[in-house]
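Heads up, the thing below is written out as structure tokens.
Just the heavy atoms: all of them, side chains too, but no hydrogens, waters or symmetry mates, feed the values below.
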Amino acid sequence: MHQGPASKRILITSALPYINGVKHLGNLVGSMLPADVFARFMRLQGHEVLFICATDEHGTPAELAALEQGLDVATFCREQHAVQEGLAKRFDLSFDHFGRSSSPQNKELTQYFCRRLEANGYIEERLTKQVYSKTDGRFLPDRYVVGTCPHCGNENARGDQCEACTKLLDPTDLINPRSAVSGSADLEVRESKHLFLLQSKFADRIREWITDKNKENWPKLVTSIALKWLNEGLHDRCITRDLAWGVPVDRPGFEGKVFYVWFDAPIEYIAATKEWADENPAANRDWRSWWKRTGDDTGPEYYEFMAKDNVPFHTVSFPCTIMGANEGIETTGEKPWKLVDYIKGFNWLTYYGGKFSTSGKRGVFMNDAIDLLPSDYWRYYLMANAPETNDSSFTWEHFAATVNKDLADTLGNFVNRAFKLTEKHFGCVVPAGGEPGFADKDLALQTADRLREYERCLEAMEFRKAAQELKAMWTLGNMYFDRMQPWKSIKEDREQTACTLRSAIGLVRFYALCSYPFIPGTSARILEALGLRLEDETWPDGSWPHYGSESVEGRDPNWREGKVLNYSRLVEVGREFSIPGPLFMKITPEQLAEWEDRFTGK
RNA sequence: GGCGGUGUAGCUCAGUUGGUUAGAGCAGUGGAAUCAUAAUCCACGUGUCCGCGGUUCGAAUCCGUGCACCGCUACCA
């Protein structure tokens with residue numbers, strides 16, 4: 001892939017999947033997958049992209065999951081990281097680096113940010129009271145203390161809230177409190193010293209930042225969640241915990257304490273970039289250049305992808321960390337750290353209208369999905385139905401219908417009929433002869449309009465609409481076939497038919513490239529059938545063979561220089577191809593029934 | 001309890017600042033075609049825009065209210 005002259009630097013991060021267990025399709029479509037589609041689009045356009053993700057490894061759930069499996073937490077995390085990295089590969093998630101929040105780099109940077117914040121007066125020591133379980137030998141987060149609700153008598157109320165009567169609770173409100181970890185009732189309240197980040201001091205600055213002009217094109221979901229937090233009043237936030245697993249607090253009197261997972265997790269975006277640089281010293285990767293503003297220049301464009309549960313931490317908490325650390329940073333000879341330029345937030349993907357649930361094993365998980373079907377099936381379906389402006393519902397019926405109709409029947413079948421028909425009459429060689437006529441130019445113009453809209457949608461990260469445009473472009477190929485009827489014209493005009501089939505094969509190459517962000521595996525298969533390599537390809541634009549303005553001018557009010565591609569010249573005459581066979585297998589009614597049954601929906 | 005979101009065609013969803021006969025895809029019905037994975041293409045929408053009330057020349061859109069579902073409520077992440 002070539003880097004164009006107008007090349008931009010684009011930093012993309014996906015919300016970090018939590019280490020605890022395999023992620024489900026909702027997690028995938030909410031951050032990692034759309035970020036990947038965007039990264040692939042931008043790379044193919046010739047921009048310099050750095051795409052960062054990592055596992056979020058700290059926190060109580062990781063410790064407890066390790067305990068349950070009889071592993072020490074470090075081993076557990078190492079294993080689970082490998083599992084998630086393997087799944088990311090199988091879904092063709094093209095991270096430049098898939099890091100770990102437990103890395104030394106993150107330890108170093110987390111401690112650094114805390115020091116910067118303290119230097120600027122944003123850190124305060126406070127005494128807190130917390131429940132300690134002697135049997136478990138640990139402090140318990142509020143919701144890991146269970147007992148009888150004083151309001152409704154529910155015997156399994158959690159220490160933060162009773163789920164039966166929805167009343168908010170303190171762990172000390174509970175009658176007969178016990179540990180959710182061991183069931184032990186041997187609990188006591190102990191005092192503990194902790195660090196607080198004085199977020200309340202940032203309220204005005206965060207509000208100003210979130211409401212400035214540049215945020216007007218952010219998803220409404222994102223700004224409204226941020227404003228909700230601001231309107232409720234920013235609380236100072238405890239950023240340390242009495243746990244063994246995490247980034248240690250490097251401060252006298254804080255031995256045995258670690259930073260709160262939500263403090264160190266976003267910093268891992270930066271730390272993972274350093275991991276990426278450190279893993280290949282010979283490449284001289286300048287990780288700071290991705291995270292620093294440089295003089296008047298604001299540095300790279302930075303995009304974050306996440307589901308709505310993550311939005312507060314990326315619109316409020318992490319920006320506080322960055323803003324607080326940046327104060328007076330010039331005096332240390334350092335440049336300021338970058339704030340995010342665009343947050344793409346997603347709603348929930350539901351499973352038959354209900355919640356995907358890891359603990360309840362409800363829904364479809366990445367490992368199960370990828371064992372059933374190749375990644376492109378999932379990638380296309382999920383992005384075409386991404387929960388962008390609203391929650392959206394996964395059902396097996398809908399999934400099967402989409403795969404069968406769009407991928408197998410519209411795209412797969414078009415590619416197959418183009419290859420098969422050419423083979424039948426000319427062999428597996430791109431045929432010579434003929435000249436494009438009215439219908440060819442009509443196809444080119446219509447496709448150009450679709451392509452322009454498709455590009456606009458992808459740039460704007462409107463993935464659902466982008467998928468619609470993509471499918472519409474595939475349909476134009478089928479329409480072209482039905483209009484030209486090469487199976488009929490071959491009997492009267494072999495030259496003209498050669499041109500038609502050559503154009504169809506040109507369309508095939510075109511589809512391989514423009515579909516690449518969504519279905520990279522299929523793109524690769526198509527290009528391979530044509531004897532082409534992705535590394536040599538570019539986004540279909542003016543550098544591709546196109547009609548000169550005189551050819552179509554006067555007929556088209558939407559004429560745009562260099563964008564109306566001449567499909568009869570997209571693949572050169574005489575090039576040999578192979579027939580890849582069906583690109584997509586249809587999902588049968590039997591499979592559908594079996595999967596619905598196995599993944600207990602409804 | 002508080003806050004927020006959602007409720008649009010059988011299904012999944014779009015509907016920019018209120019502006020003519022409310023949209024797309026799928027499903028369904030009819031037709032054309034037969035190169036292809038029985039795949040394609042064309043045509044076809046009488047929808048109390050959740051209910052009620054209000055503002056307005058005009059409301060799916062704004063306001064009030066009721067109902068239903070969902071989420072968050074800061075120590076799960």
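Atom name C1', nucleotides U12(B) and A27(B): the rounded distance is 11 Å, in whole Å. A59(B) and U20(B) are spaced 11 Å apart, taking the P atom of each and rounding to whole Å. G2(B) and C75(B) have their P atoms separated by 22 Å, given to the nearest Å. On the P atoms, G10(B) is 26 Å away from C67(B), given to the nearest whole Å. Rounded to a whole angstrom, the distance from the C1' atom of U40(B) to that of U34(B) is 10 Å. Taking atom C1' on both nucleotides, G30(B) is separated from U48(B) by 30 Å, rounded to a whole Å. Separation of the P atoms belonging to G19(B) and U61(B) is 11 Å when rounded to the nearest angstrom. One P atom belongs to U73(B), the other to U55(B), and the distance between them is 40 Å to the nearest Å.
Going from atom CZ of Arg525(A) over to atom OG1 of Thr522(A) covers 6.5 Å, rounded to the nearest 0.5 Å. The structure places CZ of Phe305(A) at 12.0 Å from SG of Cys53(A), a figure rounded to the nearest 0.5 Å. Taking CD of Glu268(A) as the start and OG1 of Thr110(A) as the end, the distance is 8.0 Å to the nearest 0.5 Å.
In this structure G18(B) sits in no base pair that meets the Watson-Crick or G-U test at under 3.5 Å. Of all nucleotides present, only C72(B) satisfies the Watson-Crick or G-U wobble test against G2(B), with each distance under 3.5 Å. Using Watson-Crick or G-U wobble geometry with both donor-acceptor distances under 3.5 Å, A36(B) finds no partner in any strand shown. Both distances falling under 3.5 Å, in either a Watson-Crick or a G-U wobble arrangement, place G51(B) opposite U65(B). Of the nucleotides present, G10(B) is the one that pairs with C26(B) by Watson-Crick or G-U wobble criteria, both distances under 3.5 Å.
Residue contacts for Asp391(A): at a heavy-atom cut-off of 4.0 Å it reaches the sugar-phosphate backbone alone, with no base atom in range. Note on Asp56(A): only backbone sugar-phosphate atoms sit closer than 4.0 angstrom, heavy atoms only; bases stay farther off. Counting any heavy atom pair closer than 4.0 Å across all strands shown, Ala401(A) reaches sugar-phosphate atoms only and no base atom.
Ring orientation note: the planes of His314(A) and Trp262(A) are nearly perpendicular, at an angle over 60° on the 30°/60° scale. In this structure, Trp487(A) and Phe481(A) have tilted ring planes: the angle between them lies in the 30° to 60° band.
No more than 12 heavy-atom neighbours from other residues, nucleotides or ligands sit within 6.0 angstrom of CD on Glu68(A).
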**Item:** Glu462(A) and Arg456(A): CA distance, side-chain angles, deciding distance, salt bridge (Lys or Arg N to Asp or Glu O under 4.0 Å) verdict
**Value:** CA-CA 8 Å; Glu462(A) 293 172 15; Arg456(A) 190 199 63 74; 3.3 Å; yes

**Request:** Verify side chain to side chain contact (heavy atoms under 4.5 Å, CB included) between Tyr351(A) and Thr395(A), making sure each step is shown before the conclusion.
**Result:** CA-CA 6 Å; Tyr351(A) 189 67; Thr395(A) 67; over 6 Å; no

**Request:** With side chain to side chain contact (heavy atoms under 4.5 Å, CB included) as the test, would you mind laying out the steps for Phe263(A) and Arg241(A) before giving the verdict?
**Result:** CA-CA 11 Å; Phe263(A) 184 71; Arg241(A) 291 290 182 277; over 6 Å; no

Produce the list of close N/O pairs, under 3.5 Å, pairing protein atoms with atoms of nucleotides 74-76 of chain B; give distances to one decimal.
residue, atom, partner, partner atom, Å
A74(B), N6, Gly233(A), O, 2.9
A74(B), N6, His235(A), NE2, 3.2
C75(B), OP2, Arg237(A), NH2, 3.1
C75(B), O4', Arg241(A), NH2, 3.4
C75(B), O2', Asp142(A), OD2, 3.1
C76(B), OP1, Arg143(A), NE, 3.2
C76(B), OP1, Arg143(A), NH2, 3.1
C76(B), OP2, Arg143(A), NE, 2.0

Please list, pair by pair, any protein nitrogen or oxygen found under 3.5 Å from a nitrogen or oxygen in nucleotides 49-51 of chain B.
none

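Distance Phe399(A) CZ to G25(B) C1': 17 Å, rounded to the nearest Å. Rounded to whole angstrom, the span from the CG atom of Asn404(A) across to the P atom of A27(B) amounts to 9 Å. In this structure, Asp409(A) atom CG and G25(B) atom C1' are separated by 14 Å, rounded to whole Å. One atom, CH2 of Trp348(A), and another, P of G4(B), lie 19 Å apart when rounded to the nearest Å. Distance CG (Leu221(A)) to C1' (U6(B)): 12 Å, rounded to an integer number of Å. With rounding to whole Å, Met306(A) atom CE is found 17 Å from C72(B) atom P.
With respect to the salt-bridge test (charged N to carboxylate O, under 4.0 angstrom), the residues Lys465(A) and Glu388(A) do not qualify. Between Asp482(A) and Arg417(A) there is a salt bridge, with a side-chain nitrogen of the basic residue lying less than 4.0 Å from a carboxylate oxygen of the acidic one. Using a 4.0 Å cut-off between charged nitrogen and carboxylate oxygen, Lys308(A) and Asp391(A) count as a salt-bridge pair.
Every residue two or more places apart in sequence or in another chain was checked for a salt bridge (charged side-chain N to carboxylate O under 4.0 Å, His left out) with Lys23(A), and none qualifies.
Listed by residue number, Arg464(A), Lys471(A), Thr475(A) are the residues of residues 458-477 of chain A with a heavy-atom contact under 4.0 Å to RNA chain B. Taking every heavy atom of residues 414-424 of chain A and every atom of RNA chain B, pairs under 4.0 Å involve Asn416(A), Arg417(A), Lys420(A), Leu421(A), Lys424(A), by number. Contacts with RNA chain B (heavy atom under 4.0 Å) in residues 478-493 of chain A: Asn478(A), Met479(A), Asp482(A), Trp487(A), Lys488(A), listed by number.
Distance from the side chain of Asn390(A) is smallest to G7(B) among G7(B), U40(B), C70(B). For Ser393(A), the listed nucleotide lying nearest its side chain is C13(B); candidates were A77(B), U40(B), C13(B).
Positionally, the nearest nucleotide of RNA chain B for Asn347(A) lies more toward the 5' end than for the other of Ala265(A) and Asn347(A).
Proximity of the aromatic rings of Phe356(A) and Phe365(A) is defined here by a centroid distance below 6.0 angstrom, and this criterion is not met. Between Phe394(A) and Trp396(A), the distance from one ring center to the other falls under 6.0 angstrom.
Using a 4.0 Å cut-off, some side-chain N or O of Lys355(A) falls inside it from OP1 or OP2 of C72(B). In this structure, Lys228(A) does not reach the C72(B) phosphate: none of its side-chain N or O atoms is under 4.0 Å from OP1 or OP2.
Both tests do not hold together for Lys424(A) against Phe426(A): distance to the six-membered ring centre under 6.0 Å, angle to the ring axis within 45°. For Arg190(A) and Tyr132(A), the positive end sits near the middle of the six-membered ring, less than 6.0 Å away and at most 45° from its axis.
With respect to Trp474(A), the ring pair (Phe, Tyr, Trp, His ring centres under 6.0 Å) criterion is satisfied by exactly one of Phe510(A), Phe414(A), Tyr380(A), Phe518(A): Tyr380(A).
Contact annotation: the side chain of Leu501(A) approaches that of Leu421(A) to within less than 4.5 Å [non-hydrogen atoms, C-beta and beyond].
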